[in-house]
Every structure is written in structure tokens, then in C-alpha cells.
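Both backbone and side-chain heavy atoms feed into the values below; hydrogens, waters and symmetry mates do not. Labels below follow one simple rule: chain letters A, B, ... track the order of the sequence lines, proteins then strands, and each chain is numbered from 1.
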Amino acid sequence: MYRRLKGTKDILPDEIYQWQYIERTIRDHLERNNYQEIRTPVFEVTELFARGIGSDTDVVSKEMYTFTDKGDTSLTLRPELTAPVMRAYIQNNLGQINPVTKLYYIGTLFRQERPQKGRLRQFNQFGFEIIGSEHPEADAEVIQTVYAIYHNLGINDLKVRLNSIGSRSSRQHYLKILQMALEKHLGNFCASCQQRFEKNILRLFDCKVDSCQALLDHYAPSILDHLSNEDVQHFEEVQALLNAAYVPFEIDKKLVRGLDYYTRTTFEITSSLLGSQDAVCGGGRYDHLAEDLDGSPIPAVGVASGMERLLMILNEINAIPQKETKLIYTAVLGENARQVAFNLVSLLRSRGYQVDMDFMRRSLKAQMRDAGKKQAKWVIIIGTDEIQKDKIVLKNMASGEQKEVQLSLAADQIETIVK
RNA sequence: GUGGGUGUAGCUCAGGUGGUAGAGCAACAGGUUGUGGCCCUGUCGGUCGCGGGUUCAAGUCCCGUCACUCACCCCA
């Protein structure tokens with residue numbers, strides 16, 4: 001038997017409604033905020049991600065599905081969407097049309113990690129980006145908007161964690177100070193922290209070992225104390241705007257993100273209803289990504305949100321409305337009724353009704369049971385008796401009432417009865 | 001890549017100290033000669049993840065292996 005690959009999922013019919021529901025809600029909300037959808041290819045040249053995300057990041061160095069095509073070009077299944085969107089923005093000169101471009105996407109991503117709760121190898125994200133504005137309004141809108149989308153879906157107890165990791169120049173400066181401050185205590189950190197110290201020192205703040213966190217609290221200078229004046233002002237304005245929009249947040253000076261392109265604002269929204277992978281979304285500002293991809297410099301902010309994680313929360317709090325069906329089920333009895341029924345079914349369908357009929361030539365009892373199971377609102381019964389009288393029976397499944405309708409007028413009559 | 005947990009019917013799971021498998025739900029049929037939900041009855045359905053070993057005998061004990069899952073790591 002063939003099985004689905006590790007870390008992938010089949011989304012079966014009884015679950016698909018949930019996806020359609022959140023996708024619809026997300027699209028509606030983002031369209032209202034005047035974002036436009038963009039769809040980019042699922043694979044790109046590997047270098048796009050190496051340069052965009054950073055070749056030292058875990059995502060690029062060990063989690064990508066990379067292969068070579070017949071032309072010997074190295075290609076990669078996209079592990080995130082910000083770099084592809086920026087690539088599309090640059091390639092199609094979207095900046096020429098408008099100084100500010102607001103884009104959103106809903107798409108599938110691939111990362112070769114060990115699967116666990118809230119983490120798959122093929123997964124889906126929605127996200128959106130504001131490209132062209134360096135101002136704090138853009139940062140605040142991004143955060144306010146995801147927050148509002150979650151709220152709209154019925155999620156309330158979320159934690160918004162906010163930080164600024166400064167512009168590139170002030171961060172370079174800070175990293176040196178951090179390195180000097182921690183060097184002499186390095187021996188007291190755990191093994192993986194010692195590796196992080198060499199590779200990407202900011203990641204030390206992610207460590208879950210208590211003793212490491214205590215050392216950081218004692219000896220690590222805060223990045224917030226080493227921002228430039230412009231960085232500070234930007235950060236403060238973002239906070240003021242969030243307060244103005246009543247978006248609750250907390251400053252987390254240890255919040256660092258795993259992708260190299262971030263500058264200044266970084267944020268993450270977490271939920272206690274998820275497993276140890278508790279971030280529903282993460283994002284921030286990336287003012288140098290365009291340049292890193294050989295485009296002209298353009299500031300941008302954005303966010304990416306995990307769809308599977310979002311669904312996990314919604315199921316946890318039971319916030320997905322029931323799918324409502326308006327099904328009309330057609331029960332057929334006897335040889336000579338079949339064509340009449342088939343004709344009526346296709347007529348009703350062409351008028352926009354959701355109609356189904358029995359394919360098993362079963363007893364009426366079985367067909368009624370089937371109709372009940374499928375949650376049909378109405379059942380049309382067409383049998384030999386009806387054909388003789390030139391009538392059909394229309395039964396309301398909720399009340400149990402049924403009435404006879406002239407066959408030749410059935411389509412019109414049903415319209416007024418079913419409504 | 002490293003650890004822990006779990007693998008018995010379509011689904012959820014029972015099966016002390018070894019004696020070749022069971023329940024509930026689901027599916028299907030019947031209880032009405034043409035009428036669903038509730039109830040009753042019956043039917044269908046399993047190489048007990050896979051391979052090997054111990055034994056007269058293994059779902060049960062031992063070894064191996066695979067899969068799923070949670071956690072580390074990292075992130076959405």
C-alpha cells in the first residue's frame with residue numbers, strides 16, 4: 001500500500017470545509033484592507049532563498065527540498081514566501097505602479113524538518129506584505145491586521161510579542177558588544193548555546209535552558225539599549241499606534257527571529273492552545289531584502305501565519321461554524337421513474353439548487369436513510385405511483401410534512417416551496 | 001540528527017501471570033405492501049505494523065525493523 005510521505009497530510013472531505021471557511025474569512029478581511037492577492041511558483045532557483053533568507057539560517061542550511069533539473073540548475077521547493085514575493089515585486093516592477101504595494105498570499109510551503117505537533121513538511125501559510133513604506137504606520141498595520149483577523153475568527157487570548165532588533169548598522173554594533181559581554185561566561189552555557197555563540201549569537205536568546213536564560217539576564221546587554229535614535233523613535237511610534245488601535249502587546253527584548261532579513265520591528269503572536277510550536281504567526285520589517293536580491297532598495301514589512309496552527313486553535317475553542325447544507329435529495333423508485341427523475345434533477349441543478357440522487361437502486365427506506373445521513377433538507381420522491389398520477393412528492397425533512405406537486409410544474413413549484 | 005510514547009476491524013479501544021481474537025461506533029440489511037432520525041435484530045469486516053527467535057503453543061515473552069506521535073532543535 002502506498003502511504004503519504006512523512007510530514008504530509010491528506011485533507012479529507014469532512015475537514016475541507018474548515019479550510020474553505022478560514023480561507024474565505026482571511027481573503028475577505030484582507031481585501032477589505034485593500035491588499036491584493038499574489039501567487040508565485042512553488043519552486044524557485046535555490047539562490048533566491050540562500051541570499052534572501054540567509055545561507056547560515058537553519059531553514060536554508062538544513063531544511064530545504066533542493067534538487068537539480070535537467071539543465072543542472074539547482075531548484076528549491078519554497079520554504080517561505082517573503083523572498084518569492086519580493087522577487088516577483090522586483091521582476092514585475094510593481095514599484096513603478098504605486099509607491100506602496102500591499103500584497104497577500106495563501107500558499108503551500110515545504111521544509112524538511114522532523115514533524116511534530118504544529119509542524120509539517122508540507123504546510124500552508126497565509127501572509128501579507130506592505131512594500132514601499134519605511135514608516136511605523138506600516139509596521140503597526142501589519143500587526144493590527146493579523147490580530148484583527150484572528151479576532152474575527154473568534155480567537156481572543158493571544159499573546160503579541162514585540163521587539164526591535166534595530167537597523168543593520170546598529171545591530172552590527174550591538175552584536176560586538178554582546179559577544180564581548182558573553183565571551184568570558186561562555187563556559188557556563190549549554191553545549192548548543194556555545195555553538196550558537198559561534199554561528200548566530202542572537203539565537204542564544206531562544207535557548208530553553210533555565211540556567212542559560214539566567215546567565216543572559218545577568219550578563220547580556222539588551223538590544224533595546226543599543227538602538228540608534230531613529231530606531232528608537234520608530235519603535236516607539238509603532239507602539240503608540242498599536243495602543244491607539246487597542247492591540248495589546250508586550251515587549252520581549254529576547255525575541256529574535258530565525259531569518260536573516262529582518263530589521264527593526266520583529267514580532268510573533270503565540271497561543272497557549274498550541275503545542276511546543278506555539279507561534280501562530282511571525283513577522284517583521286525587512287528593509288534590505290530587495291537589495292539583497294539585487295533590486296533597488298525598498299523598505300517593507302510583513303507577516304506569515306501558519307494555517308494548520310490556526311486551524312488547531314479554532315478546533316480547540318470550537319470556533320468553526322457548522323457547514324449548512326441545502327441539499328435536495330431525490331429518491332427514485334422503479335424502472336420507469338428513473339428518466340423522469342434524472343430529467344428533474346438536472347433541471348433543478350441548472351436552476352442553482354444543490355441536488356443529489358440515489359445511485360444504488362435501493363429501497364425507499366434505504367434512500368430515506370441516506371437522505372437523512374446526508375442532512376438533506378428536502379426529499380423528492382418519484383416512483384411508479386407518481387408517474388401514473390403525473391405528480392411528485394416533496395418532503396420536508398425537518399417537519400416531516402410532504403405534499404404532492406404536479407410533475408410538469410415541479411421545477412417552478414419547488415422554487416416557491418423550498419425557497 | 002537525538003530521545004520518550006504508541007502500533008489489535010473503516011474509527012475509538014478491551015484483550016492479568018502465553019492456549020491461534022472481542023466491544024462500541026460506522027457500513028449494509030431486516031423489524032411495513034413505498035418513507036429518515038430513536039429503538040430492536042442480524043450481516044459484513046482483522047496476514048493482531050513487519051521480520052526473526054524462544055515454546056507443544058505467541059496479540060501476549062525476547063531481538064530486530066518500519067510507521068505514527070510527542071519533545072529537543074528550529075519555526076508558521
Side-chain angles (χ1 to χ4, degrees), chain A residues 1 3-9 12 14 53 56-64 79-82 105-127 146 150 190-193 195-196 199-200 203 206-209 255-259 266-271 274-283 302-313 327 329 331-334 337 358 360 362-387 393-402:
Chain A
M1 184 172 62
R3 304 179 50 84
R4 93 186 82 85
L5 260 21
K6 188 196 288 291
T8 64
K9 260 191 75 185
L12 301 176
D14 63 334
I53 304 170
D56 288 337
T57 60
D58 277 29
V59 169
V60 171
S61 64
K62 48 190 200 204
E63 296 171 4
M64 297 206 301
E80 60 101 56
L81 263 157
T82 299
Y105 56 80
I106 298 180
T108 297
L109 310 183
F110 306 85
R111 261 128 80 169
Q112 192 163 182
E113 297 181 86
R114 194 70 166 254
Q116 69 183 78
K117 188 171 176 149
R119 194 171 74 184
L120 292 164
R121 290 184 167 182
Q122 178 178 165
F123 60 103
N124 295 278
Q125 288 186 345
F126 79 89
V146 241
Y150 296 148
C190 71
S192 55
C193 273
Q195 281 176 12
R196 283 186 270 236
K199 241 181 70 188
N200 187 345
R203 298 235 67 87
D206 275 344
C207 188
K208 284 175 185 164
V209 177
L255 175 67
V256 291
R257 313 225 74 245
L259 314 179
T266 60
F267 68 93
E268 206 169 87
I269 299 183
T270 58
S271 164
L274 295 171
S276 95
Q277 308 299 317
D278 63 353
V280 229
C281 74
V303 61
S305 173
M307 303 277 278
E308 285 81 0
R309 292 185 189 176
L310 181 54
L311 237 24
M312 278 165 68
I313 299 173
L327 180 67
Y329 188 97
V332 188
L333 277 160
D358 172 69
M360 296 295 286
R362 291 184 275 196
S363 68
L364 182 58
K365 183 194 180 89
Q367 294 188 61
M368 290 305 296
R369 218 195 330 257
D370 193 31
K373 196 172 67 192
K374 291 185 162 81
Q375 303 188 344
K377 292 279 176 289
W378 298 85
V379 172
I380 292 170
I381 300 168
I382 303 180
T384 329
D385 297 357
E386 284 75 21
I387 300 287
V393 168
L394 186 59
K395 174 167 182 161
N396 180 323
M397 290 295 273
S399 65
E401 285 173 61
Q402 53 185 54

Donor-acceptor pair present, A:Arg114 side chain and B:U2 base, under 3.5 Å = yes
Heavy atoms under 4.0 Å, any strand shown: does A:Gly118 hit a base, just sugar-phosphate, or nothing?
-> base
Given the P atoms of B:C62 and B:A58, what is the spacing between them in whole Å?
-> 15 Å
Using a heavy-atom cut-off of under 4.0 Å over every strand shown, decide if A:Gly400 touches base, sugar-phosphate, or nothing.
-> base
Contact class for A:Leu120 vs. all strands (heavy atom < 4.0 Å): base, sugar-phosphate, or nothing?
-> base
Return the nucleotide paired to B:C50: Watson-Crick means purine N1 to pyrimidine N3 with N6-O4 or O6-N4, wobble means G-U with N1-O2 and O6-N3, both under 3.5 Å.
-> B:G64
Do any side-chain nitrogens or oxygens of A:Gln116 fall under 4.0 Å of OP1 or OP2 in B:A71?
-> yes
Counting only distance, no hydrogens or angles, is the base of B:C75 paired donor-acceptor with the side chain of A:Arg111 under 3.5 Å?
-> no
Separation of A:Glu63 atom CD from B:C72 atom C1', in whole Å?
-> 14 Å
Does A:Ser276 reach the side chain of A:Gln116, with side-chain heavy atoms less than 4.5 Å apart?
-> yes
Please work out if A:Ala279 contacts a base, only the sugar-phosphate, or nothing of the nucleic acid, heavy-atom cut-off 4.0 Å.
-> sugar-phosphate
note: A:Arg369, atom CZ; B:G37, atom P; distance rounded to Å ~ 7 Å
Tell me which of A:Met368 and A:Lys62 sits closer to the 5' end of RNA chain B, going by the nucleotide each one is nearest to.
-> A:Met368
Under 4.0 Å between any heavy atoms, over every strand shown, what does A:Lys6 touch: base, sugar-phosphate, or nothing? Just pick one.
-> sugar-phosphate
Name the pairing partner of B:C72, where a pair is Watson-Crick or G-U wobble with both distances under 3.5 Å, or state none.
-> B:G1
Respond yes when some side-chain nitrogen or oxygen of A:Ser276 is under 4.0 Å from OP1 or OP2 of B:C72, and no when none is.
-> yes
Among B:C74, B:C70, B:A29, find the nucleotide with the atom closest to the side chain of A:Lys117.
-> B:C70
Does any non-hydrogen side-chain atom of A:Glu80 lie less than 4.5 Å from one of A:Val59?
-> no
Could you state the CD-P distance from A:Glu113 to B:C72, rounded to the nearest angstrom?
-> 12 Å
Nearest-nucleotide 5' precedence on RNA chain B, A:Met307 against A:Arg3 | A:Arg3
Give, for atom CD1 of A:Ile53 and atom CD of A:Glu63, the distance between the pair rounded to the nearest 0.5 Å.
-> 10.0 Å
A:Tyr150 and A:Ser305: side-chain donor and acceptor closer than 3.5 Å?
-> yes
B:C68 OP1/OP2 closer than 4.0 Å to side-chain N/O of A:Arg4 = no
What nucleic acid atoms does A:Glu386 come within less than 4.0 Å of, heavy atoms only: base, sugar-phosphate, or nothing?
-> base
Span that lies between the P atom of B:G34 and that of B:G59, in whole angstrom | 49 Å
Can you tell me how far C1' of B:G36 sits from CG of A:Leu327, to the nearest Å?
-> 13 Å
Could you tabulate the donor-acceptor pairs under 3.5 Å formed by side-chain atoms of residues 374-383 of chain A, not counting sequence neighbours?
from: A:Lys374; atom 1: NZ; to: A:Asp370; atom 2: OD1; distance (Å): 2.9
from: A:Lys374; atom 1: NZ; to: A:Asp370; atom 2: OD2; distance (Å): 3.0
from: A:Lys377; atom 1: NZ; to: A:Thr325; atom 2: O; distance (Å): 3.4

How long is the span from the CE atom in A:Met312 to the CG atom in A:Asp278, to the nearest 0.5 Å?
-> 10.5 Å
Which part of the nucleic acid does A:Asp385 contact within heavy-atom distance under 4.0 Å: base, sugar-phosphate only, or nothing?
-> base
Separation of atom CZ in A:Arg196 from atom P in B:C72, rounded to whole Å | 12 Å
Starting at CG of A:Leu364 and ending at P of B:G37, how long is that distance when rounded to a whole Å?
-> 12 Å
Checking B:G36, B:C75, B:A29 against the side chain of A:Lys365 (C-beta onward), the nearest is B:G36
Could you measure between the two C1' atoms, the one in B:G10 and the one in B:G5, and give it in whole Å?
-> 25 Å
Whole-Å P distance, B:C50 and B:C56 = 25 Å
Given atom CZ of A:Arg203 and atom C1' of B:C75, what is their separation to the nearest angstrom?
-> 8 Å
Hey, is the side chain of A:Gln402 poking within less than 4.0 Å of OP1 or OP2 on B:U35, counting only N and O atoms?
-> no
Starting from P on B:G10, measure out to CG on A:Leu12 and report it in whole angstrom.
-> 15 Å
Assign A:Leu310 to base, sugar-phosphate, or nothing according to its heavy-atom contacts below 4.0 angstrom with the strands shown.
-> nothing
Rounded C1' spacing from B:G49 to B:U6 in Å | 11 Å
Taking atom P in both B:A29 and B:C72, compute the distance separating them and give it to the nearest angstrom.
-> 49 Å
Taking the side chain as every heavy atom from C-beta outward, state whether A:Asp358 and A:Val332 have any pair of such atoms under 4.5 Å apart.
-> no
Side-chain donor/acceptor pairs under 3.5 Å, residues 108-115 of chain A, sequence neighbours excluded:
from: A:Thr108; atom 1: OG1; to: A:Asn124; atom 2: OD1; distance (Å): 2.7
from: A:Arg111; atom 1: NH1; to: A:Pro79; atom 2: O; distance (Å): 2.4
from: A:Glu113; atom 1: OE1; to: A:Arg119; atom 2: NH1; distance (Å): 3.3

Pairwise C1' distance for B:U65 and B:G7, with rounding to whole Å = 13 Å
What is the pairing partner of B:G22, taking Watson-Crick or G-U wobble pairs with both distances under 3.5 Å in any strand?
-> B:C13
B:U32 pairs with, by Watson-Crick or G-U criteria that keep both distances under 3.5 Å | none
Identify all pairs in which a protein N or O lies below 3.5 Å from an N or O of nucleotides 38-45 of chain B, and state each distance.
none

Within the structure shown, what part of the strands sits under 4.0 Å from A:Arg309 by heavy-atom distance: base, sugar-phosphate, or nothing?
-> base
Same-atom distance (C1') from B:G46 to B:G22, integer angstrom | 11 Å
Value for CD (A:Glu308) from NZ (A:Lys9), rounded to nearest 0.5 Å, stands at 6.5 Å
Using the side chain to side chain contact (heavy atoms under 4.5 Å, CB included) rule, take A:Val256 and A:Arg203 through it: C-alpha gap first, then chi angles, then the decisive distance, then the call.
-> CA-CA 7 Å; A:Val256 291; A:Arg203 298 235 67 87; 4.2 Å; yes
State whether A:Arg362 places a side-chain N or O below 4.0 Å from either non-bridging phosphate oxygen (OP1 or OP2) of B:C28.
-> yes
Side-chain N or O of A:Lys373 less than 4.0 angstrom from OP1 or OP2 on B:G37?
-> no
Side chain to side chain contact (heavy atoms under 4.5 Å, CB included) between A:Met360 and A:Gln367, worked out = CA-CA 9 Å; A:Met360 296 295 286; A:Gln367 294 188 61; over 6 Å; no
